[in-house]
Protein chains: 4
Amino acid sequence: MTREPAYRQLARTLRNALVQGRYRDGVRLPTEAELADEYKVSRQTVRRAFHDLVADGLVHRVRGRGTFATHATAVTCASSARSTT
Amino acid sequence: MTREPAYRQLARTLRNALVQGRYRDGVRLPTEAELADEYKVSRQTVRRAFHDLVADGLVHRVRGRGTFATHATAVTCASSARSTT
Amino acid sequence: MTREPAYRQLARTLRNALVQGRYRDGVRLPTEAELADEYKVSRQTVRRAFHDLVADGLVHRVRGRGTFATHATAVTCASSARSTT
Amino acid sequence: MTREPAYRQLARTLRNALVQGRYRDGVRLPTEAELADEYKVSRQTVRRAFHDLVADGLVHRVRGRGTFATHATAVTCASSARSTT
DNA sequence: GTGGTCTAGACCACT
DNA sequence: GTGGTCTAGACCACT
């Protein structure tokens with residue numbers, strides 16, 4: 001009955017926020033540390049969640065700068081496949 | 001007739017601004033690069049001017065962070081001596 | 001005059017501790033974050049100090065695990081060259 | 001997998017240029033700012049690349065003046081150790 | 001106007 | 001939760 005991993009749960013939460021239009025355009029999302037703090041999870045969990053969102057094409061990450069919302073137009077077929085999981 | 005060096009001129013300008021209460025408290029002043037640009041002088045000149053203001057006790061500088069106005073109460077005898085030059 | 005940089009000062013402090021036999025054998029040293037906190041410097045400055053100690057052969061670092069004192073016997077020619085600086 | 005860091009990539013590029021005989025003798029290389037601009041990296045990343053080349057004995061740097069190609073004859077044991085990495 | 005040091009704070013890779 | 005890389009942008013030391 002393996003229940004949903006924490007990172008998928010967090011990914012779902014963030015995906016909803018992104019799809020609903022929070023963090024429009026190239027807006028920077030909260031940092032790994034902030035999200036880890038807010039959701040009481042490890043940074044590793046946040047990273048895994050973000051990793052999924054990158055694969056979804058919903059965000060992109062820039063070393064040393066942050067994680068940014070990707071324009072809605074850039075959604076690929078990979079993301080639709082994934083979101084049905 | 002050696003005329004006033006550029007750095008003393010700039011120091012005087014900044015001193016006036018500081019004494020008149022601009023940059024109150026611990027406010028950060030413009031950076032070396034910004035002042036060099038604004039006054040059309042080299043950064044070396046800005047540095048010399050700031051060096052005088054540090055000696056006056058009007059500003060203090062923090063490596064990697066910036067130059068900050070010092071509280072008016074911290075004025076020492078060194079600054080009064082210097083300001084009569 | 002060129003005063004001693006903060007990272008060299010810290011390296012010297014740690015080197016003394018290591019040479020005097022604290023952190024014997026493969027003992028783990030404080031983390032970058034801890035030292036940054038204790039010595040009121042940035043993590044990068046701690047890293048520069050550690051970098052020197054690695055070159056000296058006094059410590060070795062393992063990603064994800066920490067920084068460890070190296071056995072005294074492992075001193076190399078590189079370290080002797082450096083210590084004469 | 002641990003992909004090659006940007007600074008090592010840049011170091012490799014510059015090493016190739018140096019070994020192939022561009023920047024002969026004591027010729028000055030581009031400045032940190034110029035390379036940062038050209039390769040779209042931060043100045044610190046350029047510095048890390050140069051740091052490796054200094055360790056290789058391929059260049060030497062003089063504060064206030066620039067970075068210079070070192071004569072090929074000055075190769076030391078430290079550099080040969082490094083180049084096998 | 002160059003290289004040297006330093007900060008604050010991101011993400012990355014590994015454990 | 002550690003060390004590794006990277007950014008952007010300050011001031012410092014030297015020429």
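Reminder, nothing fancy here: chain letters follow the sequence lines and each chain counts from 1.
- What you find for Gly57(B) and Thr70(B) is that their closest heavy atoms are O-CB, 3.3 Å.
- The shortest heavy-atom contact between Ala11(D) and Ala49(D) is N-CB, 3.8 Å.
- By the salt bridge (Lys or Arg N to Asp or Glu O under 4.0 Å) test, Arg47(A) pairs with Glu32(A), sequence neighbours left out.
- A close approach under 4.0 Å does occur between a side-chain nitrogen or oxygen of Thr67(B) and OP1 or OP2 of dC11(F).
- Val27(D) pairs by the side chain to side chain contact (heavy atoms under 4.5 Å, CB included) definition with Tyr23(D), not counting sequence neighbours.
- In this structure, CD of Gln9(C) is placed 13 Å from P of dT5(E), rounded to the nearest angstrom.
- Note on residues 31-51 of chain B: no pairs pass ring pair (Phe, Tyr, Trp, His ring centres under 6.0 Å), not counting sequence neighbours.
- His51(A) places its NE2 atom 12 Å from the P atom of dC14(E), with the value rounded to the nearest Å.
- Applying the side chain to side chain contact (heavy atoms under 4.5 Å, CB included) rule to Gln44(A) yields the partners Ser42(A), Arg48(A); only residues at least two apart in sequence or on another chain are considered.
- Closest of all the heavy-atom pairs between Leu29(C) and Ala69(C) is CD1-N, 3.6 Å.
- With sequence neighbours excluded, no residue forms a side-chain hydrogen bond (donor to acceptor under 3.5 Å, both in side chains) with Thr13(D).
- With rounding to whole Å, Arg8(D) atom CZ is found 14 Å from dC6(F) atom C1'.
- Take the nearest nucleotide of DNA chain F for Lys40(D) and for Val62(D): the residue whose nucleotide is more 5' is Lys40(D).
- Summarising the geometry, the separation between CZ on Phe68(B) and C1' on dA10(F) is reported as 9 Å, rounded to the nearest angstrom.
- DNA chain E lies under 4.0 Å from at least one heavy atom of each of the following residues of residues 29-38 of chain A: Thr31(A), Glu32(A).
- Applying the side chain to side chain contact (heavy atoms under 4.5 Å, CB included) criterion to Ala36(D), with sequence neighbours excluded, gives Val46(D).
- In this structure, the side chain to side chain contact (heavy atoms under 4.5 Å, CB included) partners of Arg28(B), at least two apart in sequence or on a different chain, are Thr31(B), Phe68(B).
- Here Tyr7(D) does not reach the OP1 or OP2 of dC6(F): none of its side-chain N or O atoms lies under 4.0 Å away.
- Separating the CZ atom of Arg61(B) from the P atom of dA13(F) is a distance of 10 Å, rounded to the nearest angstrom.
- Less than 4.0 Å separates DNA chain F from at least one heavy atom of each of the following residues of residues 42-50 of chain C: Arg43(C), Gln44(C), Arg47(C).
- Secondary-structure stems of DNA chain E, taken as three or more successive Watson-Crick or G-U wobble pairs (i with j, i+1 with j-1) under a 3.5 Å distance threshold, comprise E:1-14 with F:1-14.
- By the salt bridge (Lys or Arg N to Asp or Glu O under 4.0 Å) test, Arg12(D) pairs with Glu4(D), sequence neighbours left out.
- Grouped by direct or indirect side-chain proximity (heavy atoms under 4.5 Å, Ile/Leu/Val/Met/Phe/Trp/Tyr only), Tyr7(B) sits alone.
- One can place CZ of Arg28(C) at 15 Å from P of dT15(E), the figure rounded to the nearest angstrom.
- Of the candidates dC6(F), dC6(E), dG3(F), dG3(F) carries the atom nearest the Arg63(C) side chain, counting heavy atoms from C-beta on.
- Atom CZ in Arg3(D) sits about 10 Å away from atom C1' in dC6(F), given to the nearest Å.
- The phosphate of dA8(E) has OP1 or OP2 within less than 4.0 Å of a side-chain N or O from Arg65(B).
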